[in-house]
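Input: a single structure, listed below in structure tokens.
Scope of the values below: all heavy atoms of this structure, side chains included, with no hydrogens, waters or symmetry mates. Just so it is clear, the model here is predicted, and its values are computed rather than measured. Throughout, a chain's letter reflects where its sequence line sits, starting with A, and its residues are numbered from 1.
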Protein chains: 2
Amino acid sequence: MAIDRDTVLTAAVEVLSRNPTAHLDEIARAAGISRASLHRVFPGREALVREVGLLALRRYHDALDAADLERGEADAVLRRLVELLVPDAALCAFLAGENHLFDDPELLLLWEEQGARVRAFFLRGQQQGAFRIELPAGWLAEAFFDLLAGVGWAVQDGRLAPRDSAFALIELFLGGALRRPS
Amino acid sequence: MAIDRDTVLTAAVEVLSRNPTAHLDEIARAAGISRASLHRVFPGREALVREVGLLALRRYHDALDAADLERGEADAVLRRLVELLVPDAALCAFLAGENHLFDDPELLLLWEEQGARVRAFFLRGQQQGAFRIELPAGWLAEAFFDLLAGVGWAVQDGRLAPRDSAFALIELFLGGALRRPS
DNA sequence: CTCAGCTGAGACATCCGTGTCTCAGCTGAG
DNA sequence: CTCAGCTGAGACACGGATGTCTCAGCTGAG
């Protein structure tokens, strides 16, 4: 019956990714605990949001590590990355929706580090002739994240089947990003 | 020196699309008026947000009209639509970020109407062999809007040049949505 | 000039979300 | 059983954003 910190975080992601202004009552209810207990685990809204943000950025970071961005064809790397990221798409939706999350310098730093890694990956893919050079690498990186967050929202609201989501993201994005072989 | 309603709305879009939880002070300052005057034009935050939402949905509706979704190749239609929508990308970013906007039944109805039109367009494009049928029409429609909002954010924050934005959106999205001629 | 009308600055009341505390009830270990 | 510890429900205080009002200053029409 001990309150599980991870359970609370998961519930918070569930609620906050849909509605970043949700009240603490709602998050507590989603986690199956009382507002008082929620406050015992996280000493306030700010702390909770920050904790969720850290979780999201860590997962994002770990996915970038696991995808091994430097190894193999850019095409294949991106497919690996999508498979790794799609299960955590809700976390990315949270990151996309929580606006003043990056007022925190530590979170901002983490965010920009991961962003730089993704941009560097797309730039490398362009230099190797895999990705189209007419589109700025920064835009490719940003659009990729936008679509990833979009997948998170669509899955949560039942507009996209979880099993289809990796395919939907990869096929749409890669089709637009890859150079035509012709 | 009369307070221009449209000026206020424009300023509100500017601020709220970046930060949906911005205070009324900030919106008033962006519009160059006082909080008191803002409140004279719009009797409260709810009314203001609703008004911006109506504006955004009207523009979206008008763009869909002007693009003439039934006329011509799906490919060309989408290019027309992007050219029409990109100038109002910030409005779409606002729509994407303001979560409880669609608690209002009228706004919800408008939103779903436009969504249905876009989905129907993509479905038609699939039936005509222009768009890939492996991707659900609903996902194409949603991803298109996600990217449109993403363009709005990127332009506002200076990460994407306004003049490049239509090209960036069309090329990336269309590349992923079109069937390969091969 | 004169005055009506509009605006901004500020003060004040109100509401809502949050932070904090208390206490009764439950649970599980001993 | 007994008790320590945890939890939930509720009450209460606090702070911040908003709604409302007043009043002085400015502006432009007549």
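Atom CD in B/E26 sits roughly 11 Å away from atom P in D/dA17 (whole-Å rounding). One interatomic measurement links the two molecules: CG of B/L48 to P of D/dT18, which rounds to 10 Å at whole-angstrom precision. If you measure from atom CD1 of B/I27 to atom C1' of D/dT18, you get 12 Å, rounded to the nearest angstrom. The interatomic distance linking B/E46 (CD) with D/dG19 (P) rounds to 9 Å, in whole Å. Taking atom CZ of A/R45 as the reference point, atom C1' of C/dG17 lies 9 Å away to the nearest angstrom. Residue B/H39 contributes atom NE2, which lies 8 Å from atom C1' of D/dT18 at whole-angstrom precision. One atom, NE2 of B/H100, and another, P of C/dC16, lie 14 Å apart when rounded to the nearest Å. A straight line from CG of A/D4 to C1' of D/dC6 spans 15 Å, rounded to a whole angstrom.
Residues satisfying the ring pair (Phe, Tyr, Trp, His ring centres under 6.0 Å) criterion with B/F121, sequence neighbours excluded, are B/F131. In terms of the salt bridge (charged side-chain N to carboxylate O under 4.0 Å, His left out) criterion, B/D62 has no residue partners (sequence neighbours excluded). Listed by chain and number, the residues in a ring pair (Phe, Tyr, Trp, His ring centres under 6.0 Å) with B/F167 amount to none (sequence neighbours excluded). Not counting sequence neighbours, A/D25 has no partner by the side chain to side chain donor-acceptor pair (under 3.5 Å) test. The ring pair (Phe, Tyr, Trp, His ring centres under 6.0 Å) search around A/W153 returns none, not counting sequence neighbours.
Residue pairs meeting the side-chain hydrogen bond (donor to acceptor under 3.5 Å, both in side chains) criterion with at least one partner in residues 84-99 of chain B, sequence neighbours excluded, are B/R59-B/D88. Listed by first then second residue, pairs satisfying salt bridge (charged side-chain N to carboxylate O under 4.0 Å, His left out) with a partner in residues 133-150 of chain A read A/R132-A/E134, A/E142-B/R159, not counting sequence neighbours. Every pair passing salt bridge (charged side-chain N to carboxylate O under 4.0 Å, His left out) that includes a residue from residues 7-22 of chain A is listed here, sequence neighbours excluded: A/E14-A/R18, A/R18-A/D157.
Of the residues in residues 5-22 of chain B, not one comes within less than 4.0 Å of DNA chain C through any heavy atom.
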Got a list of side-chain donor-acceptor pairs under 3.5 Å for residues 45-56 of chain B, not counting sequence neighbours?
| from | atom 1 | to | atom 2 | distance (Å) |
| --- | --- | --- | --- | --- |
| B/R45 | NH1 | B/A22 | O | 2.9 |
| B/R45 | NH2 | B/P20 | O | 3.0 |
| B/R45 | NH2 | B/A22 | O | 3.0 |
| B/R50 | NH1 | B/D104 | OD1 | 3.2 |
| B/R50 | NH1 | B/D104 | OD2 | 2.2 |
| B/R50 | NH2 | B/E106 | OE1 | 2.7 |
| B/E51 | OE2 | B/R5 | NH2 | 3.3 |

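The listed nucleotides are C/dT20, D/dT18, C/dT18; the one nearest the side chain of B/L24 is D/dT18.
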List every contact pair, protein side and nucleotides 9-15 of chain D side both N or O, where the distance is under 3.5 Å.
none

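For A/H23, no side-chain nitrogen or oxygen approaches OP1 or OP2 of C/dC16 to under 4.0 Å. At D/dT7, none of the side-chain N or O atoms of A/S37 fall inside 4.0 Å of OP1 or OP2 (strictly under the cut-off).
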Nucleotide-level pairing of DNA chain C, given in dot-bracket where Watson-Crick and G-U pairs need both distances under 3.5 Å and | marks other strands: ||||||||||||||||||||||||||||||

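A centroid separation of less than 6.0 Å is found between the aromatic rings of B/F173 and B/F122.
Here the closest non-hydrogen pair linking A/V155 and A/S165 is CG2-CB, 3.9 Å.
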